[in-house]
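Just dropping this structure here.
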Amino acid sequence: MSADTIEHNRNRFDFSGVDSIWLFGYGSLIYKVDFPFLEKRPATIHGWQRRFWQASHDHRGTPEAPGRVVTLIAEPGATCMGMAYRVSPKVFEHLDVREKNGYLRFTTTMTFDNGSHAEGLVYIATESNDAFLGHAPDADIARQIKFAAGPSGPNAEYLLRLAESLRALGDDCPHTFAIESHLRSVTESDT
Ligand code: SIN
């Protein structure tokens with residue numbers, strides 16, 4: 001599948017008759033909230049883990065030197081914390097452009113802090129998209145992130161702000177924190 005998912009997403013979900021819908025964010029959607037929302041609540045989804053396995057050619061890297069950003073990988077028993085936003089369906093016109101580099105909207109069940117549940121949407125870049133990179137050692141991912149930057153800024157900022165937001169949410173994401181720790185020890189001579 002081509003990495004540009006705008007058209008795929010437009011045809012994926014029928015919003016007719018829907019006034020508002022929950023969106024679950026687990027990456028930059030936690031800390032870069034450039035869209036209006038009606039309500040915001042920390043939430044968890046089950047059966048998914050956050051991984052820096054997706055290339056960013058348009059935000060935190062370039063086609064020549066892609067950055068690495070997060071996607072979700074199915075893993076039985078895993079949980080992923082994030083932020084849920086109740087939004088108007090109109091918001092997806094903006095978000096589908098923002099998340100166009102390989103992310104498709106999927107429906108998911110999210111669990112709020114008080115144990116209640118809601119159905120909503122989540123952007124996932126599956127391994128069938130052209131920008132999917134997959135597993136690499138944490139130190140290699142950190143090195144790639146350290147030296148990548150794109151129109152939205154340095155890739156390192158994406159990682160550091162995500163790690164900070166996850167701590168604020170009380171999430172323990174060993175994958176993100178391990179890459180963050182490697183990033184701090186990467187030096188210019190590692191290019
Ligand atoms: C998300 O944050 O939910 C999707 C991935 C990203 O935009 O970083």
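Note that ligands are numbered from 1 as they come in the structure, with each ligand's atoms numbered from 1 the same way. Scope of the values below: all heavy atoms of this structure, side chains included, with no hydrogens, waters or symmetry mates.
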Gly27, any N or O under 3.5 Å of ligand 1 N or O: yes
Arg98 to ligand 1: N or O pair under 3.5 Å? no
If I apply the N/O under 3.5 Å rule, does Tyr26 come out as touching ligand 1?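 Indeed, backbone or side chain, Tyr26 has an N or O that close.
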Pull out every atom of ligand 1 sitting under 4.0 Å from any heavy atom of Tyr158, numbered as shown with elements. 6 (C), 8 (O)
Whether Glu164 and Arg167 form a salt bridge (side-chain N of Lys/Arg under 4.0 Å from carboxylate O of Asp/Glu) is what I want to check.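 Here Arg167 does not pair with Glu164 in a salt bridge, since their nearest N and O are not under 4.0 Å apart.
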Report yes or no: does His182 contribute a side-chain atom to a donor-acceptor pair with the main-chain N or O of Asp140 at less than 3.5 Å? no
List every atom of ligand 1 that sits less than 4.0 Å from any heavy atom of Gly25, numbering the atoms from 1 in the order shown and giving each element.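 Answer, ordered by atom number: 3 (O).
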Can you report which non-hydrogen protein atom sits closest to atom 6 (C) of ligand 1, along with the distance? Ser28 OG, 3.3 Å
Nearest non-hydrogen contact with atom 4 (C) of ligand 1 belongs to which option: Lys32, Glu99, His59? Glu99
Without swapping roles, check the side chain of Asn9 against the backbone of Tyr103 for a donor-acceptor pair under 3.5 Å. yes
With rounding to the nearest 0.5 Å, note down the distance linking CG in Asp4 to CG in Asp130.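 Going from CG on Asp4 over to CG on Asp130, the span is 10.5 Å.
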For the side chain to side chain donor-acceptor pair (under 3.5 Å) test, which of Arg105, Arg10, His8 pairs with Asp96? Arg105
Regarding Arg60 and the six-membered ring of Tyr158, is the cationic atom NZ or CZ under 6.0 Å from the ring centre and inside 45° of its axis?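 No.
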